[in-house]
2 protein chains.
Amino acid sequence: MATQKKDANAAEVTIWERMDRPAPAARVALSPQKIAAVAVEVADAEGVGAVTMRRLAKELGVAPMAAYRHVSGKDDLWALMVDRVSAELSVPDEVTDWREVLRSFAVQTREMTLRHPWLGSMPAPLFALTPRRLAVAERQLAALDGLGLDVDVMMAAFRAVTAYVYGAARSEVVLRQYMEEHGWWSPDETRRGLAPQMRYLMGTGRYPTYRKYAEHAARKDDAAWEFETGLDCLLDGIAARLGL
Amino acid sequence: MATQKKDANAAEVTIWERMDRPAPAARVALSPQKIAAVAVEVADAEGVGAVTMRRLAKELGVAPMAAYRHVSGKDDLWALMVDRVSAELSVPDEVTDWREVLRSFAVQTREMTLRHPWLGSMPAPLFALTPRRLAVAERQLAALDGLGLDVDVMMAAFRAVTAYVYGAARSEVVLRQYMEEHGWWSPDETRRGLAPQMRYLMGTGRYPTYRKYAEHAARKDDAAWEFETGLDCLLDGIAARLGL
DNA sequence: ACGGTCTGTGTACGGCGTATCGAGACGCGT
DNA sequence: ACGCGTCTCGATACGCCGTACACAGACCGT
């Protein structure tokens, strides 16, 4: 394979060599969309840690640096990924009740985050001015519009829900990842695995209430219930405080 | 004597146990505490990205691998850092009203997160069974205890607030970091910097409500107000729904 | 005095992001 | 028809990173 690159180039190349040379190839093999698609696939399958420029290049059958023609670097890539999966969120147009709209997006966002755990570990989801994320925000703000709310309050309500959802989903994801890293595939296995730490910490006697929870709680593993309980509290509070 | 040996799983001495052990002698240059202290300093000053094992070693005047005697790796280090700064949170013992306790911790946690922006980018704060984090949880759970609440509901309420605080604080931090990265030192500079993106996105006409906010909002830059508004909504909702 | 244990050192490996430069293929003005 | 600028992609290389591993010296109880 060594001497492929002679200086007297074209003329000397045998037809055979010519024949199994890669391919004329469709001119543009890459595009931001393709790159984002592959990145999402890899991140879903193996975690965000597996998303490296080299890995994407390999997956795309392309040289390590090729992708840089289409995305400026890792940051661009994150934004593209976030925008891409945001398409999974949708609430039917018929639904107009503010509370139903916000609740539906919240529940869907949690599910999306569990499907794409890497979402929690990038900055973009919270800030990101991407088209699809903005569309999601717009839909929720529109549902809150026309209710006589001050525009600042409206945004505060929307953002409060977003913050809650992000924090709650993130904590679920982090727990799952921690379990996976340790090879714990069930809540019980996890408790067994954590037992040494717990024994030591609880042994200090400094956390009696927490201990009571650890020993007597009945819904410790019902994350969806916990999520929705908190969400409903928040929506209640918004409704009350904002006079909706 | 035999208990310390490598048999079975006794080999697993948790980092917390280690931390409680007295520094063996003067000859010991390193300890988990010292390492964590330096790590926090570096992270505060230059961001979590600057916290590398090699950097810490340099800062401690020690060989790159030395820290591994005291910390099993990056994960231990994150946990130690989180535990360390958690000491900054405190609510006087006299305060016993559940709402006051939760609110105070929430506000303090936001401030702490703004002081230590790297907090938002590690998994530990949400899950972490560290002594001091557990103490913070214990204090809040204790405040909710004895109110006739089901233990699961109690935990759900506590965790809802935690999730909100984490999400809200994180979004503030992310925005600040984004600004810093672009050299924008004021909200107005930021708006100017973002103007091109905004012009394009708003130009599509797909985000009318968002646009209204962008153009007419009065408290756009009052993050503390926004945070406390959402927090109070959530606490209202908890009080109402839980019959407190 | 001595063996075991613990602390810190030195070296090395495989990855990472990405700067830089060169080669080849397209498309437009002539 | 042709040539040249422009864009896409390839190859190489640099300087980081986390950390595995083998080792050396200091301390300890005996």
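Just so you know, these numbers use all the heavy atoms, side chains as well, and skip hydrogens, waters and symmetry mates. All chains are named by letter (A, B, ...) in the order of the sequence lines, taking the proteins before the strands, and each is independently numbered beginning at 1.
Residues from residues 52-62 of chain B that place a heavy atom under 4.0 Å from any atom of DNA chain C, listed by number: B:Arg54, B:Val62. Applying a 4.0 Å cut-off to non-hydrogen atoms, none of the residues of residues 37-48 of chain B approaches DNA chain D.
B:His116 and B:Glu88 share a side-chain donor-acceptor pair at under 3.5 Å.
Partners of B:Glu226 by side-chain hydrogen bond (donor to acceptor under 3.5 Å, both in side chains), not counting sequence neighbours, listed by chain and number: A:Arg159. Residues satisfying the ring-ring contact (aromatic ring centres under 6.0 Å, His included) criterion with B:Tyr164, sequence neighbours excluded, are B:Phe227. In terms of the salt bridge (Lys or Arg N to Asp or Glu O under 4.0 Å) criterion, B:Arg139 has no residue partners (sequence neighbours excluded). Partners of B:Trp78 by ring-ring contact (aromatic ring centres under 6.0 Å, His included), not counting sequence neighbours: none found. Shown here are the side-chain hydrogen bond (donor to acceptor under 3.5 Å, both in side chains) partners of A:Glu215, two or more places apart in sequence or in another chain: A:Arg211. Take A:Arg84 and apply the salt bridge (Lys or Arg N to Asp or Glu O under 4.0 Å) test, not counting sequence neighbours, and it matches no residue.
Atom OH of B:Tyr68 is separated from atom P of C:dT11 by 18 Å (rounded to the nearest Å). With rounding to whole Å, A:Arg69 atom CZ is found 13 Å from C:dG22 atom P. In this structure, B:Trp78 atom CH2 and D:dG18 atom P are separated by 8 Å, rounded to whole Å. A:Asp76 has its CG atom 14 Å from the C1' atom of C:dG17, to the nearest Å. Summarising the geometry, the separation between CD1 on B:Ile35 and P on C:dG8 is reported as 8 Å, rounded to the nearest angstrom. Whole-Å rounding puts the B:Lys74 NZ to D:dC17 P distance at 9 Å.
Residues A:Tyr207 and A:Met202 have side chains in contact (heavy-atom distance under 4.5 Å, counting atoms from C-beta outward).
Looking at heavy-atom distances under 4.0 Å, A:Ala66 makes contact with sugar-phosphate atoms alone, never a base.
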Check residues 56-68 of chain B and write down every donor-acceptor pair under 3.5 Å in which the side-chain atom is one partner and the other belongs to a residue at least two apart or another chain.
| from | atom 1 | to | atom 2 | distance (Å) |
| --- | --- | --- | --- | --- |
| B:Glu59 | OE1 | B:Arg55 | NE | 2.7 |
| B:Glu59 | OE1 | B:Arg55 | NH2 | 3.4 |

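Listed nucleotides C:dG22, C:dT11, C:dA19 differ in distance to A:Met65; the shortest reach to its side chain belongs to C:dA19.
Phosphate contact (OP1/OP2 of D:dC9, side-chain N/O of A:His70, threshold under 4.0 Å): present.
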